[in-house]
Structure formats: structure tokens, C-alpha cells
A.B. asks: 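Pasting a structure here, questions to come.
Computed from a prediction, not measured in an experiment: that's the story for all the values here. Every number for a ligand or one of its atoms is a count from 1 in the order of the listing.
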Amino acid sequence: MKYSKIIGTGGYLPEKVLTNYDLEKIVDTSHQWIVERTGIHQRHIAASNESSLTMAEEAARVAMAAANISSADIGMIIIATTTPEKIFPSTACLLQQRLGIAGCPAFDLNSTACAGFVYALSIADQFIRQGAVNNALVIGSEVMSRVVDWSDRAVSILFGDGAGAVLLGASDEPGILSTHLHADGTHKDVLFLQNALGKPTGLETELYMQMNGKQLFKLSVNILGQLFDETLAANHLQKSDVDWLVPHQANIRIIEGMAKKLDLPMERVAITLDEQGNTSAASIPLALDKAIRDQRIKRGDMLMLEGFGGGLAWGSALIKY
Ligand code: COA
């Protein structure tokens, strides 16, 4: 049986940092409120010459170096992004051109928002398991700073920019054990970002992200708890078999609840939220990359990845690293 194994990871964060104290000068908020309610201290903001494409390329090159493979070895590129470089061509095609590897399939997952990375990972995993692809580059890259209304204190404080990349390679040894994807469009109004094509007039404010934070909080706690049960049951495993939780970085209170649900101490949770905020589809690969690079996550560890976001869409991946 063939598995996809993580053979390299990479991350990129823009140089500019926006602290909660900086935000105090823009909207009526405080460092203390933001830390207490979210766990976020700062976030990175892309420069005007940076984009989901440039950040994806940086992260991809780091992941390729970590895996010690060249671009010619890549058989598929998927970029999860809510903030693509263009509507088309896909950011993945633009990256493919930069990597000089014409021919392999390359596409974006645009509207799975913060669940985008687990969706992309799941798709790449299916191709590798089937034997259609040997190495797949799976990236989450986001410039959230360009889709938030900086005068909306309920939303702007949460998000940041960045990119994370994972290189998957075919292996006979267990890697990704299973992935589980879900969506429920009845919650379409809880979190959304309109575009000018869907509603051509009178939508100026809706061109920024709209969110019902309280409702989203409650929904996420419910769906993620069920998701863990489903993921463990599918693999005939117990909570005690999980070594690391690598969650989407939305709110420290949600993450703490999820760690509790898995009986994991917070030392066993990959956290970047305090330094990076919510980078949407980039948050899981960025957290994974950091914990692998500083050698907290080690080969053989069992990882539970989970993501959720607009749609509502959510999903998990259980991985033997
Ligand atoms: N600074 C100071 N006060 C703020 C504020 C800010 N940045 N944002 C909101 N407030 C105020 C509200 O106006 C409200 O005031 P009121 O009581 O006078 O009406 C009060 O703080 C409480 O607001 P509320 O929205 O109830 O706070 P909350 O405890 O639900 O926290 C979130 C808000 C957004 C942090 C929280 O709901 C959350 O994280 N939800 C999930 C969001 C998420 O996961 N998004 C991404 C999904 S991919």
C-alpha cells in the first residue's frame, strides 16, 4: 500500500510586524482585550510588492530544500488561498511558471478559506495513494491584510499574512493515515467575503470579510470535537495515540478547548497564533513547519491537523510524521 509522507516543509512571513499596540492607534481596542479574547500579540503584514504568489514561492523553495528535491521532481501543485494573485490563471500555475516545471497539474483551492490547507492536503494525498503522482507541493498562502476592513475592530485584529508549504512524497511507510472533509452551506452567512462578480453594485462594505465571531466560535467547537472522534475512529486509534495537535490558528480559546478534547497538554499543541494571528489557509502549514524546524515534532510522531472556515468548511488529517 502506498502512502503520502511529509518529506519537507517551509514557511514565509513578511518582514513587517503589526503589534496589538499598533492596532490601538488604528481602532478602539487594547492589547489586553486582544490577548485575552484571542491569544494574538502580533501579526505579519505583506509589503506592497508581496502577494500570495511571492510568499508561496518563498515557502515552496524552503520546503524543496528541506526535502532535498528539485522542482523537476514535483508532479502536482495545489495552492489553498482565499486571496489569490489573480482570479485566473491560478496562483499555482503562476508558481509553476516561476519554478520552470511546465506540464504537471497545478491549481488553486480558492474558496475553502481557513479549511483550504486540509482540503488541499487531502486531494494531493488521493493522487499519491493512487500512484498518479509521486511528489506534490501543497501550499497555503494568504494576504488577509488586503481583505479586512481596517476600521472593523472585530475582524481586523484577528488576521495576518504568510505562506506555508508541505512537500508530500510517495512512500511505502505510513504517512497520511486518513483525511476527513466536511462542509455545511447552511452557515454561509457566518463568515464570507463577497466579490465584485457575484454582486456588481452596492457592495462596497461587503468587499471586506464579514464575520459573526460569536456564532463561528460556537460552531467550530462543536464540529471540531466531532471531527476528532470521526478521525480517531476511522483509524481505530485512541486520543492517547495522538502526540501533537496542529490546529488552524483562529483563537487560543478554541485551540485550548480542542487540546482538552484530545487530553493533550498545551505543550503538545503547535501554536503560532500569538506571533502570526490567523493566516487562514497558511496557518496549519506554518505551525507545522515551525514545530518541525525547532525539532519539537519528531519523525514517528502522530499528528492531528484540523482546519475550519468560511462555508462552513472543515476537515482533519491524521499523519504519522
Ligand atoms: N477590541 C475591544 N473590544 C472589542 C473588539 C476589539 N477588537 N472587538 C469587539 N469588541 C467588543 C464588542 O463590541 C463587544 O462589546 P459590547 O459587549 O459592549 O457589545 C465586546 O467586545 C464583546 O464582543 P464579542 O464579539 O461578544 O466578543 P467575543 O468574546 O465573542 O470575541 C472574537 C470576539 C471575534 C475574538 C471571538 O468571537 C472569536 O474569536 N470568534 C471566532 C472567530 C474565528 O474563529 N474566525 C476565523 C475563522 S476561520
A.B. asks: With heavy atoms under 4.0 Å as the rule, classify the contact between T29 and ligand 1 as side chain, backbone, both or neither.
C.D. replies: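 T29 to ligand 1: contacts from backbone and side chain alike.
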A.B. asks: Return yes or no for this condition: an N or O of T38 is under 3.5 Å from an N or O of ligand 1.
C.D. replies: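 No - when backbone and side-chain N and O of T38 are compared with those of ligand 1, no distance drops under 3.5 Å.
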A.B. asks: Note the single closest protein heavy atom to atom 42 (C) of ligand 1, along with its residue, its atom name and the distance in Å.
C.D. replies: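 Looking only at protein heavy atoms, the one closest to atom 42 (C) of ligand 1 is M211 SD, 3.8 Å.
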A.B. asks: Any nitrogen or oxygen of G213, main chain or side chain, under 3.5 Å from a nitrogen or oxygen of ligand 1?
C.D. replies: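 Between G213 and ligand 1 (N or O atoms, distance only) the closest approach is under 3.5 Å.
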A.B. asks: Could you report the tightest heavy-atom contact between L273 and Q249, atom names first, then the distance?
C.D. replies: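 That would be N-OE1, 3.0 Å.
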A.B. asks: Under 4.0 Å from a heavy atom of A250: give me the atoms of ligand 1 that qualify, with their elements.
C.D. replies: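 Close to A250: 44 (O).
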A.B. asks: What residue and atom, counting heavy atoms only, is the protein's closest point to atom 31 (O) of ligand 1, and at what distance?
C.D. replies: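 Answer for atom 31 (O) of ligand 1: R253 NH2, 3.7 Å.
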A.B. asks: Among protein heavy atoms, which lies nearest atom 48 (S) of ligand 1, and at what distance?
C.D. replies: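 Heavy-atom neighbour on the protein nearest atom 48 (S) of ligand 1: C114 SG, 3.0 Å.
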A.B. asks: With distance as the sole test, does N110 use its side chain to make a donor-acceptor pair with the main-chain N or O of T81 at under 3.5 Å?
C.D. replies: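 Such a contact is found between N110 side chain and T81 backbone.
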A.B. asks: If the test is side chain to side chain contact (heavy atoms under 4.5 Å, CB included), which one of I7, I176, N135 qualifies with L168?
C.D. replies: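 Among the candidates, only I176 passes.
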A.B. asks: Need the ligand 1 atom indices (1-based, order shown) with element for anything under 4.0 Å from a heavy-atom of R37.
C.D. replies: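 With R37 as reference, the close atoms of ligand 1 come out as 22 (C), 27 (O), 28 (P), 29 (O).
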A.B. asks: When only distance counts, is N278 in polar contact with ligand 1, meaning an N/O pair under 3.5 Å?
C.D. replies: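 No - when backbone and side-chain N and O of N278 are compared with those of ligand 1, no distance drops under 3.5 Å.
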A.B. asks: Can you pull out the closest protein heavy atom to atom 33 (C) of ligand 1? Residue, atom name and distance to 0.1 Å, please.
C.D. replies: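 Looking at atom 33 (C) of ligand 1, the protein heavy atom closest to it is W33 CH2, 4.0 Å.
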A.B. asks: Short question: side chain of Q126, backbone of S122 - any donor-acceptor pair under 3.5 Å?
C.D. replies: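 Pair found, side chain donor or acceptor close to backbone of S122.
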A.B. asks: Report yes if the side chains of N20 and E24 come closer than 4.5 Å at any heavy-atom pair, otherwise no.
C.D. replies: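 Not touching, per the 4.5 Å side-chain cut-off.
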A.B. asks: Around atom 11 (C) of ligand 1, find the nearest protein heavy atom and jot down its residue, atom name and distance.
C.D. replies: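 So the nearest neighbour among protein heavy atoms is R153 NH2, 3.6 Å.
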A.B. asks: Can you label the angle between the H31 ring and the Y21 ring as parallel, tilted or perpendicular, going by 30° and 60°?
C.D. replies: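 Rings of H31 and Y21: parallel, as their planes differ by under 30°.
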A.B. asks: Identify whether the distance between the nearest side-chain nitrogen and carboxylate oxygen of E57 and R61 falls below 4.0 Å.
C.D. replies: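 Yes, E57 and R61 are salt-bridged.
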A.B. asks: Looking only at distance, does N251 have an N or O less than 3.5 Å from an N or O of ligand 1?
C.D. replies: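 Min N/O separation from ligand 1 is below 3.5 Å for N251.
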A.B. asks: For K214 and ligand 1, does the shortest N/O to N/O distance drop below 3.5 Å?
C.D. replies: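 Yes; the residue has a nitrogen or oxygen that sits under 3.5 Å from a nitrogen or oxygen of the ligand.
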A.B. asks: Are N278 and R43 side-chain neighbours, meaning at least one heavy-atom pair lies under 4.5 Å?
C.D. replies: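 They are not in contact (no side-chain heavy atoms under 4.5 Å apart), so the answer is no.
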A.B. asks: I'd like to check D152 versus Q210 (side-chain heavy atoms, cut-off strictly below 4.5 Å). Are they in contact?
C.D. replies: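 Contact flag for D152/Q210 side chains = no.
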